[in-house]
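One structure is given here, and the rest of the page talks about it.
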Amino acid sequence: MLRLISYLASVALVAVVLVAGGGTAQADGCYTWNRTLSSGASGEDVRQLQIRLSGYPGSGAVLALDGSFGPATKSALIRFQQAYGLAADGVAGNATYSRIYALQDDDCTPVNFSYAELNNCNSDWSGGRVSAATARFNALVSMWKLQAMRHALGDQPIRVTSGFRSVACNNAAGGASDSRHLYGDAVDLGAGALTLCRMAQQARNHGFNGILGPGYPDHNDHTHVDHRASRFWSAPSCGI
């Protein structure tokens with residue numbers, strides 16, 4: 001009898017958690033969504049979702065991280081769901097969150113990229129054109145865009161050769177005085193499993209306003225992607 005009562009109590013507890021949570025009952029070391037999100041929703045949980053979807057805006061587009069679930073967010077979510085074989089309904093619920101949880105580490109970086117990988121300049125992200133916190137956040141968004149790009153390219157490794165730079169690090173590297181590396185939102189990619197041109201071409205689909213590659217001055221040995229305010233793509237040897 002006691003065992004039956006205990007079992008029924010545990011079932012009731014699970015039911016309460018599921019109802020209260022709405023979207024998911026699973027806790028995550030980085031961020032846990034506690035409700036289903038769909039068109040018209042707003043809030044920090046929407047913004048957190050948008051960060052993870054930032055690599056799925058569609059060709060030539062950039063997804064705003066504004067915490068407002070509008071048509072662009074729905075379209076990005078559908079692309080994400082399609083990419084991972086989920087029901088593509090444009091609604092973020094258990095299946096979507098579970099996939100995101102599997103894709104991220106406890107520090108919120110995607111599993112295939114790290115803060116250390118995007119900063120070989122210093123340990124605290126200081127000394128650039130923006131605050132350390134902003135530079136670090138910009139790098140996080142870059143990583144989620146690269147994660148989407150990596151998946152679209154058959155989950156082939158993407159080799160990062162440069163990310164955030166302080167003014168001193170940028171000067172030492174011979175970078176331009178207004179380099180996007182100073183803002184933490186630029187990443188240089190080296191050839192490896194994927195060619196420079198293949199990465200430059202694919203980057204057009206993953207929210208990068210800046211794409212520079214082979215054929216552009218001083219970019220024959222790497223592909224550069226960034227988040228500049230307006231689009232500038234130039235990799236003539238790659239047809240861009």
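All heavy atoms count here, side chains included; hydrogens, waters and symmetry mates do not.
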Any side-chain heavy-atom pair of N209 and F232 under 4.5 Å:
no
Ionic contact status for R47 with D66, cut-off 4.0 Å
no
Closest approach of T161 to R159 (non-hydrogen atoms, all atoms of both residues):
CG2-NH1, 3.5 Å
W33 six-ring face occupied by R35 cation (under 6.0 Å, within 45°):
no
Side chains of H181 and D188 only: does a donor on one sit below 3.5 Å from an acceptor on the other?
yes
Spell out, yes or no, whether V62 and M149 are grouped together once hydrophobic residues are joined by side-chain heavy atoms under 4.5 Å, including indirect joins.
no
When every non-hydrogen atom of A132 is compared with those of D124, the smallest separation belongs to CB-O, 3.2 Å
Determine, using ring centers only, whether Y84 and H151 are less than 6.0 Å apart.
yes
Would you say the side-chain atoms of R180 pair up with the backbone N or O of H227, donor to acceptor, closer than 3.5 Å?
no
Residue pair C30 / D105, side-chain heavy-atom distance below 4.5 Å
no
Heavy-atom nearest pair, T96 first then L86, reads CA-CD1, 4.0 Å
Scanning both residues in full, the closest heavy-atom pair of G55 with A148 reads O-CB, 3.5 Å
On the six-membered ring of F164, is R136 placed so that its NZ or CZ lies under 6.0 angstrom from the centre and within 45° of the ring axis?
no
Atom of W144, atom of T109 and distance for their closest heavy-atom approach:
CZ2-C, 4.2 Å
Assess the residue pair D185 and V141 against the criterion (side chain to side chain contact (heavy atoms under 4.5 Å, CB included)); give the C-alpha distance rounded to whole Å, side-chain angles, the decisive distance to 0.1 Å, and a yes or no.
CA-CA 8 Å; D185 67 11; V141 176; over 6 Å; no
Same cluster or not: V46 versus I78, using hydrophobic residues (I, L, V, M, F, W, Y) connected whenever any side-chain heavy atoms lie under 4.5 Å apart?
no
Can you name the nearest heavy-atom pair linking Q202 to A152, along with the distance?
NE2-CB, 3.6 Å
Is the shortest heavy-atom distance from the side chain of L189 to the side chain of H222 under 4.5 Å?
no
4.5 Å side-chain heavy-atom contact, T223 and T195
no
Is there a side-chain contact between P236 and C238, using heavy atoms and a 4.5 Å cut-off?
no
Would you mind reporting whether V187 and D226 have side-chain heavy atoms less than 4.5 Å apart?
no
R129 vs V167 side-chain heavy atoms within contact, under 4.5 Å:
yes
Within a strict 4.5 Å, meaning less than it, do heavy atoms of the S166 and S126 side chains meet?
no
Linked, directly or transitively: M143 and Y31 (ILVMFWY side chains, under 4.5 Å)
yes
Would a single hydrophobic cluster contain both L212 and W233, if residues Ile, Leu, Val, Met, Phe, Trp and Tyr are joined by side-chain heavy-atom contacts under 4.5 Å?
no
Taking atom types as modelled, find out whether R52 and Q104 have a side-chain donor-acceptor pair closer than 3.5 angstrom.
yes
Under a single-linkage definition using a 4.5 Å side-chain heavy-atom cutoff for Ile, Leu, Val, Met, Phe, Trp and Tyr, are L182 and F137 assigned to the same hydrophobic cluster?
no
For F69, is the NZ or CZ atom of K74 found under 6.0 angstrom from the centre of its six-membered ring and inside 45 degrees of the ring axis?
no
With under 30° as parallel and over 60° as perpendicular, where do the rings of H219 and Y216 fit, or are they tilted in between?
perpendicular
